[in-house]
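In the text below, chain A, chain B and the rest are named by the order of the sequence lines, each starting its count at 1.
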Protein chains: 2
Amino acid sequence: MGAKLSKLSGMVDRTSVDVESRARARTRRAILDAAITVLSQHSSASLGDVADAAGVGRTTLHRYFPERADLLTALSADVLAQIDAAAERAQLDRGPAPDALDRLCQEFFELGDILMCVFSQPELMNTPAWEECSDADRALIRLVERGHAEGTLDPALDPLWVQQVLWSVLYAAWQHTRENSVSKHRALDLCLRSVRKVVAANPG
Amino acid sequence: MGAKLSKLSGMVDRTSVDVESRARARTRRAILDAAITVLSQHSSASLGDVADAAGVGRTTLHRYFPERADLLTALSADVLAQIDAAAERAQLDRGPAPDALDRLCQEFFELGDILMCVFSQPELMNTPAWEECSDADRALIRLVERGHAEGTLDPALDPLWVQQVLWSVLYAAWQHTRENSVSKHRALDLCLRSVRKVVAANPG
DNA sequence: CCCTAATGGAACAGTCATGCTCCACTAGAG
DNA sequence: CTCTAGTGGAGCATGACTGTTCCATTAGGG
């Protein structure tokens, strides 16, 4: 991919590069979004299904991602970036730990299908970049340790477990909306309430 | 399948039927167990992989389950039966609701890969028998409603949500053992502690 | 020991996703 | 308007999985 782009940019001037990038970036994004939607529901969907969902031809998809592995790699990177961005928005280092966890929960909940992708494709997160040390992961670990120090988070729950529970309860919330036709608002409320109760420091 | 069995039983006497059934039942069980193990990790694994894991030839697998769909149907029924059996063992109608939920959690935790199967293959549970009304489901719903009446379970959490959280925290616990090399004992402890905190009625 | 059910391997055709090429079409920059 | 990047469709070769048949071998009951 890099070879092709550099070849193109060598053929045209700077302004043209921008315009091209706009068109290509739009298509690329459409494909990635479609991939997230489709693969979050059926992890072994064909590339044709993804192309259809993206509203592009299979040929075009192959032009952007020559092999299936290329699409998955790009998908992985995109998901990782969006998760990190959500964690950034939550400003985990600010305010009481339980409140910060609330904010993170809400930001992650908004990710929707991206969330489900991570769950239904755990093997997709085995790239070097995901080796359990994304920015979001590290921020969350810091947050939990801070909560322990503050006495606001249950000291019996180590950071990795808090992370597991957070993600799985988010998953539960989305499943709750899908299977039981519960409103997103209600699901988020249950999610927040449940996570808060789990991580709360024992009053005794 | 039924046709073949009835044909066989028509050719031999009663005692032989039992012996045959023993051999066949053993192979059948090996295949189902292998399917649970393999498909819980890679939901689109080939039948050859399942046969290998079961220690039988692909031909033999096809003899028991002519088509892939037949295997999945049998798998679904088997998983459902094992879940119901686990719920039965938990005796949900006995004792305080939180304690009963604890027992259910422990029984489900022991199911291991069966648990992961349900998670990674939700589409597999779309058979008539699974239409959200298995014995285990109904028992759990009764249990939560009883807890609400007793005042021992949080009235803000409806039965379906409790079910979602229970399953997803169980999933989290198993993932915790897989990814973070945590002992099963420790994971179960965290799981029980977390579920208890979530469902507890607010003291205030 | 004998016999049969049960199994495993090999081979085969059919199906489907994939990766690739070629060509015609369209929109948008100049 | 002209030209080109971008696109979409048809077609083709390939490989993997599937479902099936046939045959040789083995384990276990009588």
Side-chain angles (χ1 to χ4, degrees), chain A residues 1 3-32 34-35 38-39 42-75 121, chain B residues 1 3-35 38-39 42-75:
Chain A
M1 184 187 71
K4 285 181 188 170
L5 282 181
S6 62
K7 184 181 167 191
L8 287 174
S9 56
M11 293 168 63
V12 289
D13 61 339
R14 287 167 300 286
T15 54
S16 292
V17 169
D18 291 349
V19 178
E20 280 174 79
S21 294
R22 266 176 222 156
R24 290 187 65 87
R26 202 154 29 97
T27 304
R28 184 186 163 85
R29 187 98 290 279
I31 293 174
L32 282 177
V38 172
L39 294 180
H42 189 44
S43 61
S44 62
S46 74
L47 297 185
D49 292 337
V50 176
D52 288 348
V56 304
R58 197 165 66 91
T59 308
T60 300
L61 191 150
H62 277 290
R63 222 170 258 128
Y64 283 77
F65 307 100
E67 299 190 6
R68 175 179 257 265
D70 296 324
L71 175 60
L72 295 184
T73 300
L75 185 69
Q121 318 250 341
Chain B
M1 183 186 71
K4 286 182 186 170
L5 282 181
S6 62
K7 184 180 166 192
L8 286 175
S9 56
M11 292 169 62
V12 288
D13 60 337
R14 286 167 300 286
T15 54
S16 292
V17 169
D18 290 350
V19 178
E20 280 173 77
S21 293
R22 265 176 222 157
R24 291 186 65 87
R26 201 154 29 97
T27 304
R28 184 185 164 84
R29 187 98 290 278
I31 293 173
L32 282 177
D33 287 342
V38 172
L39 295 179
H42 189 44
S43 61
S44 62
S46 73
L47 297 185
D49 292 337
V50 175
D52 287 347
V56 303
R58 198 166 66 89
T59 308
T60 300
L61 191 151
H62 277 289
R63 225 170 254 130
Y64 283 78
F65 306 101
E67 299 190 7
R68 175 179 256 265
D70 296 325
L71 175 60
L72 295 184
T73 301
L75 186 68

What distance separates [X] [atom1] from [Y] [atom2], expressed to the nearest 0.5 Å?
X     : Y     : atom1 : atom2 : value
B:R63 : B:T27 : CZ    : OG1   : 10.5 Å
B:D49 : B:S44 : CG    : OG    : 9.5 Å
A:R68 : A:H62 : CZ    : NE2   : 10.0 Å

Would you check, one step at a time, whether the test side-chain contact (heavy atoms from CB on, under 4.5 Å) holds for B:E67 with B:D70? CA-CA 5 Å; B:E67 299 190 7; B:D70 296 325; 3.6 Å; yes
Starting at atom [atom1] of [X], determine the distance to atom [atom2] of [N], rounded to an integer number of angstrom.
X     : N      : atom1 : atom2 : answer
B:D70 : D:dG19 : CG    : P     : 9 Å
A:R26 : D:dA5  : CZ    : P     : 17 Å
B:R28 : C:dA6  : CZ    : C1'   : 16 Å
A:R29 : D:dG6  : CZ    : C1'   : 19 Å
A:L71 : C:dA17 : CG    : P     : 16 Å
A:R68 : D:dA16 : CZ    : C1'   : 13 Å
A:H62 : D:dT7  : NE2   : P     : 15 Å
A:R22 : D:dA5  : CZ    : P     : 17 Å

Of the listed nucleotides ([options]), which one gets closest to any side-chain atom of [X]?
X     : options                : result
B:L47 : C:dT18, D:dT20, D:dG19 : D:dG19
B:E67 : C:dG19, D:dG19, D:dT7  : D:dG19
A:Y64 : C:dG19, D:dT7, C:dA6   : D:dT7

Per the side chain to side chain contact (heavy atoms under 4.5 Å, CB included) rule, which among B:T60, B:L71, B:V50 passes with B:F65? B:L71
Extract from the structure each pairing of a protein N or O with an N or O of nucleotides 9-11 of chain D at less than 3.5 Å, listing the distance.
unit_1 : atom_1 : unit_2 : atom_2 : d
D:dG9  : N7     : A:T59  : OG1    : 2.9
D:dG9  : O6     : A:T59  : OG1    : 3.2

Assign each of A:S46 and B:T27 to its nearest nucleotide of DNA chain C by heavy atoms, then name whichever residue's nucleotide is nearer the 5' end.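 With A:S46 and B:T27 compared, the 5'-side residue is B:T27.
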Which heavy atom in B:L47 sits nearest to a heavy atom in B:L61, and how many Å separate them? O-CD1, 3.8 Å
Flag, side chain of B:D33 to backbone of B:A30, donor-acceptor distance under 3.5 Å: no
